[in-house]
Amino acid sequence: MSWRISLNSIERARRVIRIGDGVPQVGTLAFGIVDRGTNVIEVRPTTLCPLSCIYCSVNAGPNSTNRWAEFVVEPAALLGALEEVVRFKGIDDVEVHIDGMGEPGVYPYLVDLVRGARSIRGVSRVTMQTRLYMLSEDDLRKLASAGLDRINLSIDSLNPELARKIAGAPWYDVDRVKELVAKALEFGINVVASPVWLPGINDNDVVEIIRWARDAGLGRGELPPVLIQKYIPHKRGRKVKVRVMTWGEFWSRLRSLERELGVRLTATNEELNIHKAPQLPKPYSVDEVVKVDIVSRGLIKGEFLGIIQPLKGSVISDRVISVIADPRLENVLIGAQVRVRIIENSDNIYIGKLI
Ligand code: SF4
């Protein structure tokens, strides 16, 4: 069993939808661009993921219990929209952060995406969240020369057996990941480890990760080698039966680990160069009724992907929307134009209901 076989099993079980030029790139968390009003623009090329992490907040991978489709975006569509958003922001220190509701390491056009993003005027940094395992040394060499600046590495244990258990994948090999980290650093890509701390499951492992990351030179002295994430159960995500730490407990345990190990484990927004920047306007408000062309299934069963009409041909004003409807209506809805009431539009992520 390999990660490719795992991916094939998803492709057989769910509909894989290719998103091209005709679909706006803003409006969903599943793909495209998410702008939260800072200089960091989230770019989401795919929802596919061959792992099934036990805590996955977006319920991805072969063990997903709620997905009925997956998305892969054409790089030209993504880059065209990204260029427009960067221009709109009007700043010269945009960080393009490749992440999403899947594993960017399996996106087939990753190198093109990084190269294209890095060449946009105003983009000063390209970073990516990944488990790294799915990339080869050759991929890393190409990503380095395409301009990838940093990898935020998802890694939760150095113990091969526990690492496989947490990743929900019998083929996942954390020793291989460590080799790839060394290669990434050698090729000039910085790496920062970002383990999810699951109290009672990987407490000692988090300490081991910090020691390893420090000794292997992660962060390169520019950033802490490890930025630990607190486990937070999400409504639609997979949940782990652990005692959830309060934020107060989490920060105080980080501070005592910092003292004990002599390693800094937090970074300020200044160090990470994250600051406010113009946010894309919200062209539609909550409770507004809009005309929507339904084009495909949405990510989650019972959701459909729609395009709000009329289109203006610009990322500033065109939006996709996730429309909640009975999945049994699939044959009637896809290809139809419907009226939808918007129920959510935070950060330009649109959710609506059929009326
Ligand atoms: S946490 Fe990330 S790598 Fe793990 S299943 Fe979810 S999307 Fe995949």
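Remember, it's 1-based here, ligands and their atoms both numbered in the order they're listed. Excluded from the calculations below are hydrogen atoms, water molecules and symmetry mates; all remaining heavy atoms, backbone and side chain alike, are included.
- Under the 3.5 Å distance criterion, the side-chain polar atoms of Glu271 are left unmatched by any main-chain donor or acceptor of Leu223.
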Working for side chain to side chain donor-acceptor pair (under 3.5 Å), residues Glu84 and Ser314: CA-CA 8 Å; Glu84 214 182 326; Ser314 162; 2.7 Å; yes

From CA spacing to verdict: side chain to side chain donor-acceptor pair (under 3.5 Å), Arg238, Asn63: CA-CA 9 Å; Arg238 283 192 283 273; Asn63 292 355; over 6 Å; no

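- Taking a 4.0 Å cut-off on heavy atoms, Arg238 registers as neighbouring ligand 1.
- Of the protein's heavy atoms, none falls inside 4.0 Å of atom 2 (Fe) of ligand 1.
- Between Asp347 and Arg36, at least one side-chain nitrogen of the basic residue sits less than 4.0 Å from a carboxylate oxygen of the acidic one, meeting the salt-bridge criterion.
- Residues Arg131 and Asp156 are paired through a salt bridge, judged by an N-O separation under 4.0 Å between the basic side chain and the carboxylate.
- The set of protein atoms (N, O or S) found at less than 2.8 Å from atom 6 (Fe) of ligand 1 reads Cys56 SG, by chain and number.
- Exactly one residue among Arg236, Lys353, Arg67 makes a salt bridge (charged side-chain N to carboxylate O under 4.0 Å, His left out) with Glu303. That residue is Arg236.
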Mind listing the side-chain donor-acceptor pairs of residues 206-214 below 3.5 Å, one per line with the distance, residues two or more places apart or on another chain?
{"unit_1": "Arg214", "atom_1": "NH1", "unit_2": "Leu261", "atom_2": "O", "d": "3.2"}

